[in-house]
Amino acid sequence: MCGIFGYIGNKNSIKECLQGLKLLEYRGYDSAGIATIQDAKILSFKSPGKLIELEKKINIFKDLKFDLAIGHTRWATHGSPTLANAHPHFDEKLKLAIVHNGIIENYASIRKKLLSKNILFRSETDTEVMAQLISYYYANDLLKAFDKAIKELTGSYAIALIHANHPDEIVASSKESPIVIGFDDNKDEIIISSDPNAFLGRNLNILFLKNNEIAHIKNKKINIYDKNLKIIHKKTERLNSKNISFSKNGFEHYLLKEIYEQPLTIQKAFLGRIQLKSGEVEFEDFNLPKSFLKKFKHIIITACGTSYHAGLCASNFFQKYLKINCSVEIASEMRFKDLNLTKDTLIIAISQSGETADTLSAIRKAKENNCHILSIVNVKNSTIARESDSSIFLKAGPEISVCSTKAFTSQITVLYLLAIYFARSRNLLEKKDAQIFLKELKKIPNIIKKILKKRKEIEKIAQKYAIYNSFFFLGRNLMYPTAMEAALKLKEISYIDANAYPAGEMKHGPLALISEKLPIVGFCLNEKTYDKMLSNLMEAKARSAPILAIASKKSYGIEDIADDIIWVDKVIDDLAIFPATIVGQLLAYFIAIIKKTDIDQPRNLAKSVTVE
Ligand code: AGP
């Protein structure tokens with residue numbers, strides 16, 4: 001989950017590189033660096049910490065004109081986030097600079113081989129090993145040395161490099177880690193990036209490198225080579241994003257802006273896909289074979305983090321509406337599990353970024369077993385979307401904050417639409433029942449708007465509960481994965497030990513932890529399990545736990561139990577996820593404000609986890 005960027009063009013390459021890294025910083029922000037070439041020498045700038053630290057170092061050079069530059073923003077895998085381990089990395093002669101995203105699995109053995117040749121290393125990273133290896137093979141032909149070296153590597157890499165003897169060239173290659181190349185029609189600017197987010201604000205032709213392909217950029221030409229160093233033709237696509245830019249629109253953090261975007265993003269997720277008159281759902285570009293849609297026998301959902309929680313919610317929908325077995329696998333576990341994967345299995349991969357390595361590995365394993373892959377992503381050209389048989393786009397717009405919010409509620413929306421789509425196509429859901437549900441779903445944006453107006457009330461409650469160092473988030477039925485998602489929000493942006501549990505499970509052990517120092521957040525919006533939920537909260541209250549309940553105005557009895565209640569409008573059980581989640585997001589946000597954490601870029605995390 002690092003971000004690499006390269007620029008050759010008619011503008012200031014240092015400035016362009018900084019701008020590109022800003023758009024990639026969500027992929028990792030432990031350190032950053034840029035390298036260029038001046039008077040046949042590598043000129044580089046590196047800094048631990050965020051990009052702003054690097055910018056301060058570069059200031060004096062920002063207005064000098066360099067023809068090319070490569071840059072990197074790092075999420076540490078090998079070696080701590082220090083200056084020495086920051087990219088770019090160099091060969092011992094300082095003639096070559098390289099930036100890398102991925103993990104080289106055999107770097108230790110290569111390092112040992114090079115050390116035996118008395119080559120001096122400056123860092124403990126796997127990336128420096130690549131730089132030294134390419135330099136070791138270099139004999140005035142950069143492309144050949146590069147090709148020979150990467151053939152020795154095992155693991156994953158997206159790399160870009162420059163060499164002081166070749167001041168107008170950039171070489172790049174990718175294996176299991178994405179690289180996309182963008183260029184204008186005249187090739188006045190050619191850009192290399194880990195993902196298309198770095199191209200936002202430009203209209204470009206783009207092409208994606210496949211595994212083991214090499215890109216050689218020189219004199220406004222882009223040559224792509226296959227693993228036999230034969231030039232190949234690549235299909236290009238058009239990315240028009242001149243009018244898209246990242247801005248907080250006046251909010252203090254991207255996170256709050258994205259929380260407040262949800263009434264709109266949920267509408268965008270169902271716009272044009274709901275046909276109320278017929279009670280049907282339609283997806284554009286949905287090209288799973290109709291024959292398969294009629295006959296797949298079970299569904300496996302695979303995802304990570306917040307997307308995994310969306311999958312847990314969705315498994316209820318598919319089992320309820322489709323009467324079909326649906327399991328949910330944590331992607332990093334799925335790859336190593338003995339699952340019954342057959343051609344009658346539909347794999348649904350959920351990923352906001354579409355770049356999560358664990359999820360990518362899970363779908364690759366499923367494809368080896370002839371499963372059909374349907375991905376639900378928020379980035380159209382993402383690797384997961386491109387490796388799926390079909391994908392459904394969230395249309396939520398770029399989600400910048402590492403903490404996922406609008407993507408989650410859009411995922412839930414799309415997954416519900418998908419369940420209705422499958423159920424209607426198999427005549428398992430009557431038209432009128434579908435119409436009733438879809439009408440309720442269309443009310444959700446307004447329900448959310450009302451909760452967003454409770455900001456001050458929730459902020460006040462957050463101030464009261466911010467003193468605690470641990471929380472339990474409890475729920476039953478659909479409120480349990482909802483509680484998991486709310487706990488993750490608090491964990492990742494406030495660094496508080498927040499755990500979710502099925503409310504009925506507390507008495508089987510975790511109740512031992514309960515005391516006046518460990519508050520319970522109880523999601524009481526599921527009518528089917530409401531009474532049981534009250535009993536579970538009573539058990540915690542009897543042991544002095546502070547109780548914060550999220551309940552709907554029509555609930556009874558909760559006032560005698562909870563110390564604080566956040567009231568929301570009543571919705572049908574299936575849709576209670578939405579109001580409950582918005583409350584959980586705002587609660588986490590306002591507690592994090594009090595904790596003064598780095599809300600949009602929490603410590604140790606990255607937005608797109610592209611390593612396993
Ligand atoms: C969510 O707030 C986290 N940032 C994280 O759990 C995230 O959901 C997970 O890494 C999966 O990302 P993806 O949806 O892009 O695959």
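Keep in mind that what you see is a predicted model, and the values were worked out from it rather than measured. Below, all heavy atoms of this structure are taken into account, side chains as well, without hydrogens, waters or symmetry copies. We count ligands from 1, going down the list as the structure has it; atoms in each ligand are counted the same way.
Looking at Asp389, its side chain never comes within 3.5 Å of a backbone N or O of Leu288 through a donor-acceptor pair. Formation of a donor-acceptor pair under 3.5 Å by the Thr356 side chain with backbone atoms of Asp358 is not found in this model.
Annotation: Lys395, atom NZ; neighbour count of heavy atoms from other residues, nucleotides and ligands within 6.0 Å is above 12. Counted within 6.0 Å of NZ on Lys464, heavy atoms from surrounding residues, nucleotides or ligands total more than 12; the atom is thus considered enclosed. Annotation for Lys595: atom NZ counts as buried by contact number, over 12 foreign heavy atoms lying within 6.0 Å. Heavy-atom neighbours of Lys50 NZ from other residues, nucleotides or ligands within 6.0 Å: above the threshold of 12.
In this structure, Lys489 has a heavy atom closer than 4.0 Å to ligand 1.
For atom 13 (P) of ligand 1, the closest non-hydrogen atom of the protein is Thr356 OG1, 3.3 Å. Nearest protein heavy-atom neighbour of atom 6 (O) of ligand 1: Gly305 CA, 3.2 Å. Of all protein heavy atoms, the one lying nearest to atom 11 (C) of ligand 1 is Cys304 O, 3.4 Å. If you check which protein heavy atom lies closest to atom 10 (O) of ligand 1, you get Val609 CG2, 3.8 Å. Of the protein's non-hydrogen atoms, Val402 O, 2.7 Å is the one closest to atom 4 (N) of ligand 1. The closest protein non-hydrogen atom to atom 14 (O) of ligand 1 is Ser307 OG, 2.6 Å. Considering only non-hydrogen protein atoms, atom 1 (C) of ligand 1 sits nearest to Thr306 OG1, 3.0 Å. Looking at atom 2 (O) of ligand 1, its nearest protein heavy atom turns out to be Glu492 OE2, 2.3 Å.
Atoms of ligand 1 found under 4.0 Å from any heavy atom of Ser404, numbered from 1 in the order shown, are 1 (C), 2 (O). Of all atoms in ligand 1, numbered sequentially from 1 with element shown, those under 4.0 Å from a heavy atom of Cys403 are 2 (O).
Ring orientation note: the planes of Tyr321 and Tyr416 are nearly perpendicular, at an angle over 60° on the 30°/60° scale.
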In sequence, state the C-alpha distance, the side-chain angles, and the governing distance for Lys454 and Glu457, and then conclude on salt bridge (charged side-chain N to carboxylate O under 4.0 Å, His left out). CA-CA 5 Å; Lys454 299 167 79 75; Glu457 175 196 339; 3.2 Å; yes
